[in-house]
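The sequence lines fix the lettering, A, B, ..., with proteins before strands; numbering per chain opens at 1.
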There are 2 protein chains.
Amino acid sequence: MTSKITAKKGRHTIRDIAQMAGVSRSTVSLAINDSPKINADTKKKITDLIDKVGYRPNQTARNLVRRSTETICVVLPQISHVVSNAYFSESLSGILDVATEQGYHLLVKEASAEFKEGRQALKLFRQGLMDGVLVVGALTNDKYISELAAAGCPVVLVNSTLPGVDYVISDNETAAFKAVEHLHKLGHRRIAHIRGSEFVTGALDRTAGYLKALDAFGLPKLDNYLAQGYFDKQSGFDATKWLLTAPERPTAIFTTNDMMALGAIEAIRAAGLRVPEDIAIFGGDNIQLAPYVSPALSTLEQPMDQIAQAACQRLLNRMTGEPVGKPPVIHLDLVIRESCGAKLGARG
Amino acid sequence: MTSKITAKKGRHTIRDIAQMAGVSRSTVSLAINDSPKINADTKKKITDLIDKVGYRPNQTARNLVRRSTETICVVLPQISHVVSNAYFSESLSGILDVATEQGYHLLVKEASAEFKEGRQALKLFRQGLMDGVLVVGALTNDKYISELAAAGCPVVLVNSTLPGVDYVISDNETAAFKAVEHLHKLGHRRIAHIRGSEFVTGALDRTAGYLKALDAFGLPKLDNYLAQGYFDKQSGFDATKWLLTAPERPTAIFTTNDMMALGAIEAIRAAGLRVPEDIAIFGGDNIQLAPYVSPALSTLEQPMDQIAQAACQRLLNRMTGEPVGKPPVIHLDLVIRESCGAKLGARG
DNA sequence: TTGTACGCGTTATCAT
DNA sequence: ATGATAACGCGTACAA
């Protein structure tokens with residue numbers, strides 16, 4: 001005799017299984033959850049039946065009674081605002097790995113204006129659709145995040161910081177310091193910098209590292225050696241054109257990211273100068289292009305997958321009440337290629 | 001007087017609101033769902049209260065009774081298997097746009113071996129965690145997908161095809177044909193090809209288009225003009241080295257994707273030959289690198305975001321029972337750059 | 001091993 | 001015309 005299927009869409013319910021197996025729903029539930037308080041034979045009979053008909057407990061009903069969803073939400077920066085696709089895909093990939101391994105689902109959202117202004121994240125949390133949030137590349141003026149955290153939602157920022165919110169970030173300041181140090185060791189003394197948006201903490205940290213290095217090495221810290229950029233190639237081009245108007249032309253430029261470095265190289269060439277002979281360039285995130293452009297770009301390694309993995313692990317620990325300790329700070333390596341050239345001669 | 005909060009995590013429930021407003025739960029429900037069968041004053045009183053305390057109906061409970069989740073699952077190729085990050089991120093971004101706009105949530109999964117072999121997608125569907133699936137870059141031997149579709153789950157493939165499964169794909173055959181046609185118009189007659197993996201339908205279609213063009217233009221179709229590659233640069237390099245051993249060296253190579261084209265350029269140079277003077281190169285997916293390499297790569301535009309958007313729209317239409325018509329086929333444009341050079345002279 | 005209350009909303013039915 | 005009561009969706013957990 002065939003049991004009538006109660007659920008729509010042809011999906012079986014625990015009632016069907018109970019009826020077919022000739023036991024109660026509770027017994028089926030015990031079998032599903034591998035409880036010790038059930039007879040082994042009964043359990044086998046039930047699990048065999050379950051396998052046969054392809055039954056899966058309705059996760060929605062489970063979530064309802066358990067008051068959790070085993071789901072975390074990843075808020076990605078809008079791809080149109082991200083210069084490097086890798087920033088987007090490597091972050092997500094790293095998070096996906098850790099979350100999947102630990103049995104969590106991933107709900108993905110994009111940090112659009114509507115998402116932020118509509119407090120969608122808070123809504124999702126209140127709706128019980130997710131139990132925690134990872135925000136990739138949050139901006140310093142993203143106030144929805146603090147609200148969310150204040151509402152009791154576990155939040156970890158991936159590669160940015162905000163007051164009162166947990167995070168995992170790379171050590172941008174030290175990395176920038178080392179980049180400048182490298183240029184200094186090559187003999188450069190007039191080192192300019194193109195900084196990024198004021199809303200990106202990583203960029204601010206790099207600029208801080210640059211300034212710190214100038215101090216440390218006693219290099220000239222001039223207003224017209226510090227240009228403003230916005231991460232894209234064009235702004236790097238424009239900023240460099242402006243830097244080239246400085247009375248004493250810089251011999252090296254450290255840009256906050258690689259795309260601006262590419263713009264810088266173009267601007268330098270457009271001015272009839274050579275890279276790295278006349279001006280050395282140091283970029284910022286080792287994008288896929290970096291080794292291919294001419295000259296190959298010196299830059300900072302940016303292991304977004306590692307950062308994302310660490311952040312995801314941290315969020316999960318936080319959600320399960322495990323100790324998390326101090327926020328980890330991921331070390332960034334220098335990637336030295338042709339664009340910063342060899343040691344300078346008697347220049348400086 | 002303060003109502004006691006029944007739900008955990010400090011979230012209010014419909015009971016709290018009913019109690020605070022001094023009405024029944026059903027009345028609150030009517031207010032939430034903007035029913036016409038409720039007094040406007042009562043509604044306002046309730047909605048004001050809801051706004052004040054920040055109540056959001058538990059979506060899990062709603063999903064349970066509605067037997068739907070307003071969630072679609074996106075299965076992405078493993079990033080380690082994808083040569084271009086853009087393939088991953090643009091697809092996801094396009095899907096995200098359409099899904100968000102129509103009020104759907106996105107559950108993201110990676111097509112790992114465990115995911116496929118464990119029939120995780122089917123499980124998710126049976127669990128009621130999602131109502132439809134988009135598979136990006138499915139392989140021809142992915143049997144889990146047919147199973148899923150057979151179980152009644154709406155599925156749309158993004159940029160691949162499988163028997164009996166709906167899809168949106170780009171017109172790879174025509175695009176490949178046109179690429180070869182372009183080379184032919186430049187005067188090339190000995191045109192070789194590096195194909196991709198046999199499990200990728202798009203790659204198969206491109207190879208088909210290549211062969212079709214050879215026929216159409218009466219060009220030599222030699223076994224040793226057809227090399228096997230696997231989308232990565234190294235395999236492009238190896239395949240090209242092998243092609244260069246042909247008795248009559250080809251004057252052009254059409255590679256299925258760009259990374260293999262980069263490998264091809266390296267191999268050609270390693271053999272002491274020039275691109276495009278000795279051998280022209282035509283690539284395949286206009287990756288970010290393409291315009292930057294030297295020589296800049298001629299290739300096929302691959303608008304993954306468009307394809308993904310169309311696929312997502314198609315899935316949603318299918319899920320809501322709207323007519324979908326024939327699967328759309330996205331046209332691909334040629335992107336002509338230096339790597340295929342100018343018209344050949346008296347060569348042939 | 002099973003009956004039953006429960007988790008949180010929705011909706012049909014009934015009372016005003 | 002409004003609003004309240006109760007059953008329902010599906011699985012879990014505790015008492016019996």
Side-chain angles (χ1 to χ4, degrees), chain A residues 3-47 50 53 55-70 123 125-129 131, chain B residues 3-47 50 53 55-70 123 125-129 131:
Chain A
S3 142
K4 88 160 179 253
I5 294 173
T6 53
K8 285 180 187 173
K9 301 184 180 176
R11 290 191 276 226
H12 293 281
T13 75
I14 201 170
R15 293 183 125 90
D16 299 317
I17 306 299
Q19 196 182 335
M20 288 191 256
V23 296
S24 73
R25 288 183 301 166
S26 327
T27 309
V28 177
S29 180
L30 293 177
I32 293 169
N33 294 298
D34 206 16
S35 163
K37 41 168 63 174
I38 186 177
N39 181 299
D41 292 342
T42 317
K43 191 172 91 183
K44 179 154 176 35
K45 188 178 73 179
I46 295 172
T47 50
I50 286 175
V53 304
Y55 165 73
R56 291 289 174 188
N58 182 318
Q59 194 62 38
T60 304
R62 274 189 160 164
N63 291 343
L64 180 58
V65 61
R66 292 185 176 155
R67 289 196 202 71
S68 87
T69 61
E70 291 170 357
K123 185 174 167 186
F125 180 65
R126 293 226 165 106
Q127 287 179 322
L129 277 174
D131 303 328
Chain B
S3 144
K4 87 158 177 256
I5 294 173
T6 53
K8 285 180 187 172
K9 300 183 180 179
R11 291 191 275 226
H12 293 281
T13 74
I14 201 171
R15 293 185 127 90
D16 300 318
I17 306 299
Q19 194 181 338
M20 288 190 255
V23 297
S24 75
R25 289 182 302 165
S26 19
T27 308
V28 177
S29 181
L30 293 176
I32 293 169
N33 294 299
D34 206 17
S35 162
K37 44 168 61 175
I38 186 176
N39 183 297
D41 291 343
T42 315
K43 193 173 89 181
K44 177 151 176 39
K45 188 178 72 179
I46 295 173
T47 51
I50 285 176
V53 304
Y55 165 74
R56 291 290 173 187
N58 182 318
Q59 194 62 37
T60 303
R62 273 189 158 163
N63 291 343
L64 180 59
V65 61
R66 292 184 177 157
R67 288 194 202 72
S68 87
T69 60
E70 291 171 358
K123 184 175 167 186
F125 180 64
R126 292 227 165 105
Q127 286 179 322
L129 277 175
D131 302 328

Seminar exercise, completed: Residue set satisfying salt bridge (charged side-chain N to carboxylate O under 4.0 Å, His left out) with A/K123, at least two apart, ordered chain then number -> none

Problem set entry | Residue list, salt bridge (charged side-chain N to carboxylate O under 4.0 Å, His left out) with A/K45, at least two apart or on another chain | none

Using side-chain heavy atoms (C-beta onward) and a distance below 4.5 Å, is [X] in contact with [Y]?
X	Y	answer
A/R25	A/V28	no
A/M20	A/H12	yes
B/R56	A/F125	no

Exercise. Using a cut-off of 4.0 Å on non-hydrogen atoms, how would the nucleic acid contact of B/T42 be classed: base, sugar-phosphate, or nothing?
Worked result: sugar-phosphate

Exercise. Just checking B/V28: base, sugar-phosphate only, or nothing, at a heavy-atom cut-off of under 4.0 Å?
Worked result: nothing

Within this structure, what is the [atom1]-to-[atom2] distance between [X] and [N], rounded to whole angstrom?
X	N	atom1	atom2	value
A/I17	D/dT12	CD1	P	13 Å
B/I38	C/dT11	CD1	C1'	14 Å
B/D34	D/dT2	CG	C1'	16 Å
A/Q59	D/dG11	CD	P	10 Å
A/D16	D/dG9	CG	P	11 Å
B/I32	C/dT10	CD1	C1'	10 Å
B/I46	D/dT2	CD1	C1'	11 Å
B/I14	D/dG3	CD1	P	14 Å

Exercise. B/N63: what forms a side chain to side chain contact (heavy atoms under 4.5 Å, CB included) with it, not counting sequence neighbours?
Worked result: A/T60, A/L129, B/Q59, B/T69

For this session: Can you sort out the partners of A/S29 under side chain to side chain contact (heavy atoms under 4.5 Å, CB included), two or more places apart, ordered by chain and number?
Result: A/I14, A/N33

Problem set entry | With A/S26 via side-chain hydrogen bond (donor to acceptor under 3.5 Å, both in side chains) - residues at least two apart | none

Problem set entry | Counterpart residues, side-chain hydrogen bond (donor to acceptor under 3.5 Å, both in side chains), relative to B/D34 (two or more places apart) | B/K43

Problem set entry | Side-chain N or O of B/Y55 closer than 4.0 Å to phosphate OP1/OP2 of C/dG9 | yes

Exercise. Is the distance from OP1 or OP2 of C/dT10 to the nearest side-chain N or O of B/R62 less than 4.0 Å?
Worked result: yes

Problem set entry | Residue B/T27, side-chain heavy atoms: nucleotide from D/dG11, C/dC8, D/dA4 that is nearest | D/dA4

Problem set entry | Which residue lies more 5' along DNA chain D, comparing B/L64 with B/A40 via nearest heavy atoms | B/A40

Problem set entry | Between the first and last five pairs of the helix from C/dT1-D/dA16 to C/dT16-D/dA1, the angle of the axes, rounded to 10 degrees | 50°

Write out a two-atom table: protein N or O, nucleotide N or O from nucleotides 13-16 of chain D, distance below 3.5 Å.
{"from": "D/dA13", "atom 1": "N6", "to": "A/S26", "atom 2": "OG", "distance (Å)": "3.1"}

